[in-house]
Structure formats: C-alpha cells, structure tokens
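So that the names make sense, note that chain A is the first sequence line, chain B the second, and so on, each numbered from 1.
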Amino acid sequence: MQMGDVYESVMELAKRRGFIWPTAECYGSVAGFIDYGPLGAMMKRRIENIWRDFFVIQEGYYEIESPVIGPEQVFIASGHVKGFVDKMFQCPHCREYFRADHAAEGAGIKNAAHMERSELEGALARTPCPACGTILGEVGIFDFNLMFQTGIGPGIQRRGYLRPETAQGMFTNFSRLLRFYRDRLPFGAVQIGKSFRNEISPRQGVIRLREFTQAEAEIFVHPAGKARHPYFYRYAEYRVPLLTIEHQIENMEPEAVAMDEAVKKGLVAHEYVAYYLALTHEILVRVGLSPEKIRFRQHMPDERAHYATDCWDVEFLSERFGWVEVVGIADRTDYDLKAHASESGTSFSVFLPLENPIRVKRRCLVPRMKLLGPLFKGKAKEIAEKIERMEPAEGEITLEIAGERIRIPPELYEIREEEVEVRGQEVIPHVVEPSYGIDRMLYAVLEHSYAEEVVEGETRRVLRLPPWVSPVQVAVLPLMPRDGLDEIAREIHGRLTLKKIVAEYDENGAIGRRYRRQDEIGTPFAITVDYETKDTGTVTLRERDSMKQVRIPLEGLEDLLDLLIKGEKMFSQLRS
RNA sequence: GCAUCGAUGGUCUAGAGGUAUGACGUUGGCCUUCCAAGCCGAUAGCCCGGGUUCGAAUCCCGGUCGAUGCACCA
C-alpha cells in the first residue's frame, strides 16, 4: 500500500460508508465543518463513552454541560477577547493579508508585537509589502478575533461569543462545583462538547475544524498538593514515550520513561501532570491508536499559552500530516480562577480548615462609634469598615471615601490587642487540564486502523477497530437467504438487539461479499447461519482480523458476544 | 486570503461546442452449501452563478470545495 494515499483512502471510505463527510454538500460545503454520518456518529459516541469511563467513572470527576454561547465577560476574563486576536492588515497593492506584527518584525522593526495599533500602522507605512515589495503606505490594521461573535437577544444586544474551549464552563461554575464537592480539594469536573474557532484558513480536512468537539477535564488542586497525586501508584511504573524540551533541542527520538522516574528526574513538573500523561496514553491505546505512533511532546517555553506553566502535547503520527496534536495537558495554575475572581468580583477560593485551629494574637483598630457616628453621619459606617481593615498604626489616619480625603484623629478609635482563632486559610486552587480533541482522535483511530491486504488476489480493505469502538458490533448472515436460514438469522439478530448489541442483518449477495462489506466498516464479528445450524443448533462465528471461524452453540450466544465486544474474552480462546 | 492545478453517477474513470464511456458499487431476479464467482434487468452523473453562442458539461469570468506553495494555526 502506498502510505501517502492513506488519507485519501480513509476519507473516501469514510464518505462512502457513512463515517464523515463534508457539511451541506448540496450547497458546495464549507471549509472547516464536517458532518458525522450514521457510523461516524456512533463511533464518536463510543469514543466519548470510553473517555467517560476513564474520567467520570475511574477518576470520579462528574460531567457538566454548559452553553456553547457565553456572555462577553466570560471571555474578557479568560483573555480570549484580547488575546485570541491577530492584528492583521491587507496590502493595498497586491491584496495579500498579513499579520501586522510579523510583517513589521520581518522588516526589521523591533518590538512590533507590543506596539499600539497607530504606532504599528505608522511603522508599516514605510516598509515594503512582504509579498509584492511595494512600499505599503497607508494600511488599516484590524483585529481578527478567532472567536465567532453573536448577539444575545433583540434590541440593544448583549454581545456573546461561541466558546473557543469548553474549559471556561468549568471555571465559571467553580463555586457551585466546590459546594457540590463539599468544599474539599482536589476535585474535578469534565465536559464534552462543541467548541468553535473561526480559523482564517482551515486546511487538512478533519484536523483543523471551525467547529469541533472537545473533551476537557479541569482538576482543581491545592497549589502545594500538586507534587502528590493520591492515586499516583496506579501509573508510577507506566511507561510513556516522552519528547522533552531537551530531546527537541538535541533533536533526539522520544524515550519511554516510567512516570515515577519522569517526576523524579524533573522531566515532568509534578505527579499530577505525570498521572494524566499516563492516563491519556491508556485512553488513546484503548480507543485504537497505534502505541508506536503516539508521543508526548513538551511545549518549548516560548510555545506555551498565556496561562500555562508545564504543558505537553500528545501527538499521533499521521501518514499525511506528520505529528498532530490530539491532546494537550497543561498546568494552568490559578490563572483562570484569579481572572474570573477579578472580573466578576466574586470569590474563587476554597476555605481549607486547619486540623487544629491556631490562636494568634494580633492588634487591631476598633472605631469608637459613639464619636464617629455624630461626626460623620451617613459616611460613618463606611469609615468604620475601612478602619477595621487597616494595619494598626499610631496617630492620625487619612482615608479616602468617594474621592474625599478624611482625617481621623486617634481619639476616634482605639487599638485593641485580641486573640483570634485561625480556623483555616483561603486558597485559590491550581488547575490541571487534560484537553482532548475528539474529532482528531476519531480520525487518528480511522487512519491507524485502516489496512489493505491482498487475499487470494483481491484487495481486502479492513478497519481494524477495537471491538468496543466499532460502530456495528456484529453482522448476522444467513449463508443462503432461504430454506429457513434467513428466519433463524433474523431471530438471532433480534436476540442480540435485546442485549443492546448493535447488529446488522444482511442476506444480500454472496457470503464472501457480505464479509467484505463488514470488514470495511470494521465490524469485528460475524455470525453465519448455515445448514448445520438446523441440525446442531450451532452457528459459525467469524473474527474480522484473522478471518477465522469457530462453531459455537446458539445457547448463550448473546453473552459470549457481549464478552467479546467488551474485550473481556478473546476470540483466540474459543474452540469449536 | 494570494498563487498554481483540479472538480464527470455513491466510488474510480473515458470523452467532448450538439447533454456522456466503461468499471466497481447498490438494487430486483436466477444461480450459488463460507470469504468481493456467474447470468439477466434496474439505478443514478458533467460543482454553483454569470457571460459568449442558435446551442455550454465543454470556451471566458466570478464563486465554492479540494490538493500544493505562501500566509495563518493562543
């Protein structure tokens, strides 16, 4: 097989057999959008559910669901309104579009990235166009924001954006989630849903979409507790191929490292990040990526997003696109919670009680209300509150209330020594975020599981999907569509359906042709009803990958298939 | 968004200023006792819009989508 053509073959198969196809084809499609067909939607749901098995069931991080449209403030706080833009301009001569800061720096203008718009416009006016070489002259710089903007409600509309990541939903719900988890750290919440980025020029088919599905987990941890993950032992010896910053500088191959070693050697920032590296590896292999085509690449310092400290891209190797990011694992620190705290004016911290409350002596100022009251009337209360919050000091105090300077002579307050009990501390948690691109994952699974092989002179195309990922789980085929074989097959099909097994009945065409149809969509097993079935009450069970068959009794067929589909029993263990 | 190239049934493809070839697929029937067999029949197509022309799927222009290069991808 010519490997360069794998993308074409996979996409052709995906379109023809109902996995993925371009959106609104009857109107000519739109770049950056795809539709999932019947098998694709089914497969995508299976992948999402496997992800849930890990994050919701194993980790115990409940799933939430928040709107895809968010009010402007959310994205002002997150930094996306300001930070998710590129300053761009169009050359008036050749009509090419450029990023303003890149063009300016290319022309030798220093510090262009931090210039104001007008300053940058002035600088660009004297430089030649990077494409056509003409001196640019007057160019209008405009902000291109990668977020889709919309209005909420009629009339004077409130501005809204389609979310560029699902993460903000977990952050804005922080205090409700905190209460849900009964005020304890660590806890986490996850979300699977659509996100939107108005890419300037999406290429690469399913790899860069304008609307895509993310599965994100936000795990809130005590800043001092990141070094120890409570269940780290699960993955301590789990080996993951790491491509560290050093590997990249030295141009080395990734290296399989056990997680405890990675933390000990300081390759990975702490146990929390390491834990999710390993967990991610397990998920990716489980959904059907080839282990030898996965690597974990650490972000170079200049590559990190505005919020992250240690950050890893999990990449898969595509025959067409090279190494492609499927998952990002970042320590976002307290960036997001602090940002929302300051934008919203509400608390985004956790009160953590001390096991043994401590008593501390402290001096504080106590306003003498008897004197303050008559003197300041309506302002007295506000003044008193300010005084209480001040560092104790001797002498006259100067305050500012509503722009007015007010002097408070010492006789209006007293300095008191008191012993208070400190019951705990307010902590803003740090956030560890594993973020998965579901669409890319699905494509990676398709590409890695696609195979062509020659069987008796004919090319057999087969998707070697794990049985728990295949959209159709079993094919039920009568050897001949008559002599009662079809009736038995239909009855078996019905029995499987009752067990919630996705089964397809097919009687059309030669048996070999029907096997091939199922191979192409990755159906892992086929039940064939033949003439022996009537005599012995047995059917044949064919495995997709080996094309081997065994005879098995009709009795208990559903349970056996259920085990095979879950991977709890292997086909190779079966005997006729 | 720029440049170059491309777009013909579901898929692959031939051809071409007078509406189209073949194969595969799908499907109805016959046949067929386990891996795309055979026979007969059916099926559906020139990316969209405008122009030139008696007539455009074909020529021209614009758009859309795709490939490649540039640019973009916190």
Item to complete: Can you label the angle between the Phe316(A) ring and the Tyr443(A) ring as parallel, tilted or perpendicular, going by 30° and 60°?
Response: tilted
Discussion item. What's the gap between C65(B) and U8(B) when it is taken at their C1' atoms, as a whole Å value?
Written reply: 16 Å
Discussion item. Please give the distance between the P atoms of A7(B) and C61(B) as a whole number of Å.
Written reply: 15 Å
Worksheet item: Which whole number of Å gives the distance between the P atom of G66(B) and that of U21(B)?
Response: 31 Å
Item to complete: Kindly indicate whether the side chain of Arg514(A) and the base of C34(B) share any N or O donor-acceptor pair separated by less than 3.5 Å?
Response: no
Worksheet entry | Phosphate-side-chain proximity, Arg517(A) and C35(B), N/O vs OP1/OP2 below 4.0 Å | no
Item to complete: Tell me which nucleotide among U33(B), C65(B), A36(B) gets nearest to the side chain of Arg516(A).
Response: A36(B)
Worksheet item: Which is true for Arg17(A) with a 4.0 Å heavy-atom rule: it touches a base, it touches only sugar-phosphate, or it touches nothing?
Response: nothing
Practice prompt. Answer yes when Glu453(A) and Arg464(A) have at least one side-chain N-carboxylate O distance shorter than 4.0 Å, and no when they do not.
Written response: yes
Discussion item. For the P atoms, the ones on A57(B) and on C72(B), what distance do you get once it is rounded to whole angstrom?
Written reply: 41 Å
Discussion item. Quick one: does any side-chain atom of Asp530(A) pair with a main-chain N or O of Glu532(A) as donor and acceptor, under 3.5 Å?
Written reply: yes
Worksheet item: Does Arg482(A) place a side-chain N or O at less than 4.0 Å from the phosphate oxygens OP1/OP2 of C31(B)?
Response: no
Worksheet item: What interatomic distance, in whole Å, is found between C1' of A20(B) and the corresponding atom of A14(B)?
Response: 9 Å
Discussion item. Between G38(B) and C2(B), how many Å separate the two P atoms, rounded to a whole number?
Written reply: 50 Å
Fill in: Of Asp506(A) and Ile511(A), the one whose closest RNA chain B nucleotide lies more 5'
Asp506(A)
Discussion item. Between Glu12(A) and Glu456(A), which residue's closest nucleotide on RNA chain B lies nearer the 5′ terminus?
Written reply: Glu12(A)
Item to complete: Determine whether Thr333(A) and His430(A) make a side-chain contact, defined as any pair of heavy atoms from C-beta on separated by less than 4.5 Å.
Response: yes
Discussion item. Suppose we call a contact any N or O donor and acceptor under 3.5 Å apart; does that hold for the side chain of Tyr27(A) and the base of C48(B)?
Written reply: no
Worksheet, complete the sentence: Picking from C2(B), A36(B), C34(B), the nucleotide nearest the side-chain atoms of Glu458(A) would be A36(B)
Worksheet item: Which is true for Thr528(A) with a 4.0 Å heavy-atom rule: it touches a base, it touches only sugar-phosphate, or it touches nothing?
Response: base
Worksheet item: Hey, does the side chain of His340(A) reach the backbone of Ala77(A) with a donor-acceptor pair shorter than 3.5 angstrom?
Response: no
Worksheet item: Touch check for Arg197(A), heavy atoms < 4.0 angstrom, all strands: base, sugar-phosphate only, or nothing?
Response: base
Worksheet entry | Minimum-distance nucleotide (side-chain atoms of Arg208(A) versus C35(B), C72(B), U33(B)) | C72(B)
Worksheet entry | Any Arg320(A) side-chain N or O less than 4.0 Å from OP1/OP2 of U68(B) | yes
Worksheet entry | Side-chain donor/acceptor of Asp439(A) to backbone N/O of Leu442(A), under 3.5 Å | no
Item to complete: Using atom types as modelled and distance alone, determine if a side-chain donor or acceptor of Arg440(A) lies under 3.5 Å from a backbone N or O of Ile207(A).
Response: yes
Discussion item. Base, sugar-phosphate or nothing for Arg16(A)? Non-hydrogen atoms, less than 4.0 Å.
Written reply: sugar-phosphate
Worksheet entry | Nearest-neighbour nucleotide for the Ser201(A) side chain, C65(B), G25(B), G1(B) considered | G1(B)
Worksheet entry | Test: Arg297(A) cationic atom under 6.0 Å from Trp323(A) six-membered ring centre, within 45° of axis | no
Worksheet item: Looking across every strand, which nucleic acid part, if any, lies under 4.0 Å from Arg460(A) by heavy atom: base, sugar-phosphate, or nothing?
Response: nothing
Practice prompt. Would you indicate what Pro481(A) reaches in the nucleic acid, counting non-hydrogen atoms under 4.0 angstrom: base, sugar-phosphate, or nothing?
Written response: base
Item to complete: Could you work out the separation of C35(B) and A44(B) based on their C1' atoms and round it to a whole Å?
Response: 29 Å
Item to complete: Determine the Euclidean distance between corresponding P atoms of U27(B) and G10(B); express it in Å to zero decimal places.
Response: 16 Å
Worksheet item: Does Arg544(A) use its side chain to pair, donor to acceptor, with the backbone of Gly522(A) at less than 3.5 Å?
Response: yes
Discussion item. Counting runs of three or more consecutive pairs, Watson-Crick or G-U wobble, with each distance below 3.5 Å, where are the stems of RNA chain B?
Written reply: B:1-7 with B:64-70, B:10-12 with B:22-24, B:25-30 with B:38-43, B:47-51 with B:59-63
Discussion item. Heavy atoms only, 4.0 Å cut-off, all strands: where does Asn508(A) land among base, sugar-phosphate and nothing?
Written reply: sugar-phosphate
